[in-house]
Number of protein chains: 2
Amino acid sequence: MEGRSAVSPQPDGQVASPRRAPSQQRSRERVERMLAAASVLIAEQGSDAMRMGEVAERAGVSIGSLYQFFPDKRAIVWALAERHTTESQACIAAALKDVGDAEGLRQAFSELVDIYYRLFLAEPVMRDIWSGTQADKALRELELADSRANAGFLIAVLRRLRPDADPVALETTAFLVWQMGEAAMRLAISVDREEGDRLVAAYKRMALRELLAE
Amino acid sequence: MEGRSAVSPQPDGQVASPRRAPSQQRSRERVERMLAAASVLIAEQGSDAMRMGEVAERAGVSIGSLYQFFPDKRAIVWALAERHTTESQACIAAALKDVGDAEGLRQAFSELVDIYYRLFLAEPVMRDIWSGTQADKALRELELADSRANAGFLIAVLRRLRPDADPVALETTAFLVWQMGEAAMRLAISVDREEGDRLVAAYKRMALRELLAE
DNA sequence: TGCAAATGTGAGGATTACTCATGTTTGTAA
DNA sequence: TTACAAACATGAGTAATCCTCACATTTGCA
């Protein structure tokens with residue numbers, strides 16, 4: 001009924017480095033246990049609801065030890081995220097390494113998407129961390145409903161334009177096109193204006209190609 | 001140096017309704033002031049860093065009055081978000097209302113994207129609320145860097161396949177295609193499995209069409 | 001005018017991130 | 001082996017914040 005917890009009231013945005021790097025075998029193992037505990041708790045409850053005391057308890061260490069290696073709560077989440085990106089980048093690089101022609105790209109990319117999809121499905125931690133408006137399920141649902149409503153307007157147009165097309169396919173396309181637009185926007189406003197404009201223009205081209213395709 | 005604040009440790013995900021709807025003129029005006037104050041503070045510091053005491057102070061009401069109309073912190077953010085989606089949906093519906101043919105769609109959609117883009121640029125509150133991994137700037141930057149790295153692998157392949165193409169355009173395309181993929185994944189895992197699979201398949205088709213275009 | 005319902009208040013309860021003084025273990029050099 | 005500094009471990013305590021609640025005031029209306 002209350003709610004404190006969280007992440008950081010300072011507007012810093014920096015990730016403090018581990019207060020101390022574990023140099024002995026013993027502490028390295030303990031840090032692993034802390035990360036594993038955090039991973040489980042994030043999967044169960046989300047990173048926001050994860051409590052530091054619980055992480056410590058589950059890892060079998062004291063709260064003080066936790067803070068010996070992680071300067072704050074965000075640092076734990078960050079460490080898990082960084083580990084994940086490192087792994088996934090290696091996987092992607094490998095998949096695209098030997099692509100030589102268009103057909104090769106088609107195959108490699110298709111496999112890559114499948115792998116990535118399975119990875120997303122299997123990693124609750126990443127689901128939590130990367131999910132937009134992550135901390136708040138209600139907001140996420142509002143966002144999804146909003147997207148569906150907006151895609152709905154597009155779908156109505158498409159149905160008028162192509163009454164014989166498969167309605168489900170139309171819906172999927174419109175929904176995806178719209179979602180991608182929101183992704184492009186979010187991205188565009190977080191890079192510099194010039195790149196943002198380019199991205200939006202590229203999105204327009206891409207979206208229209210798909211919307212008007214056959 | 002500390003950090004409490006936040007949003008909600010309960011795994012509920014429900015948005016409690018206003019504890020009480022403002023029925024008198026006086027209270028309706030005060031609720032408006034509360035929302036306006038919250039809007040400013042979110043724009044300045046982000047929704048996570050926004051403190052309820054500060055909202056109350058800025059609105060010129062007591063903390064108790066705030067909780068009279070908003071059951072918790074998230075409810076304020078939610079109210080602002082809902083207001084925004086209502087407005088933007090009306091705007092989108094209007095833009096697409098009279099589309100009659102493909103050329104009309106092309107024009108209306110193009111204008112719509114521009115409007116939406118400007119809206120995103122102008123609304124810091126929505127930027128904060130909709131931005132993925134919103135609460136944590138460091139995570140958002142890690143995510144962006146990860147995306148750039150992954151797009152980099154794609155770019156390398158595209159350069160090999162089409163050495164004469166404009167490098168900047170290639171980069172933009174690859175970056176966008178990759179970002180859209182991540183958006184599709186995030187979306188796919190938050191809907192049911194069947195729809196998720198459809199979305200991923202549609203994304204593959206779309207991405208390949210764009211990557212292999214020309 | 002009287003009264004119930006709506007509204008307003010802010011000190012204080014409860015929870016939680018994080019600190020720090022203190023104790024323990026480890027590696028290492030004499 | 002022993003001494004000792006550095007690394008590691010601990011958990012009660014501090015500070016910050018969300019939210020409650022008992023009580024005061026204002027409003028609409030019969």
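Each chain gets a letter, A, B and so on, in the order its sequence line appears, and its residues count up from 1.
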Does a side-chain N or O of A/Tyr67 approach OP1 or OP2 of C/dT19 to a distance below 4.0 Å, or not? no

Just say parallel, tilted or perpendicular for the rings of B/Tyr203 and A/Phe109, cut-offs at 30° and 60°. tilted

For the atom pair CD (B/Glu182) and CG (B/Asn150), what is the distance rounded to the nearest 0.5 Å? 6.5 Å

Just call it for A/Ser23: base, sugar-phosphate, or nothing, with non-hydrogen atoms closer than 4.0 Å on any strand. sugar-phosphate

Nearest to the B/Gln24 side chain among D/dA9, C/dT7, C/dA17, which nucleotide is it? C/dT7

To the nearest 0.5 Å, how far apart are CG in A/Leu187 and CD in A/Glu195? 7.0 Å

Side chain to side chain contact (heavy atoms under 4.5 Å, CB included) test vs B/Asp146 passes for just one of A/Thr85, A/Thr86, A/Ile92, namely A/Thr85

Pair A/Tyr117, B/Asp197: side-chain N/O donor-acceptor within cut-off below 3.5 Å: yes

A/Gln68, nearest nucleotide to its side chain (from C/dC18, D/dG28, D/dC8): D/dC8

Heavy atoms within less than 4.0 Å of DNA chain D: which residues of residues 25-37 of chain A have one? Give them sorted by number. A/Arg26, A/Ser27, A/Arg30

For B/Met52 and A/Ile63, find the nucleotide of DNA chain D closest to each by heavy atoms; which residue's nucleotide sits nearer the 5' end? A/Ile63

Looking at B/Ser62, I'd like to know whether one of its side-chain N or O atoms comes within less than 4.0 Å of OP1 or OP2 on C/dG8. no

I'd like to know if A/Glu54 pairs up with A/Lys73 as an ion pair, taking the criterion as any Lys NZ or Arg NE/NH1/NH2 lying under 4.0 Å from an Asp or Glu carboxylate oxygen. no

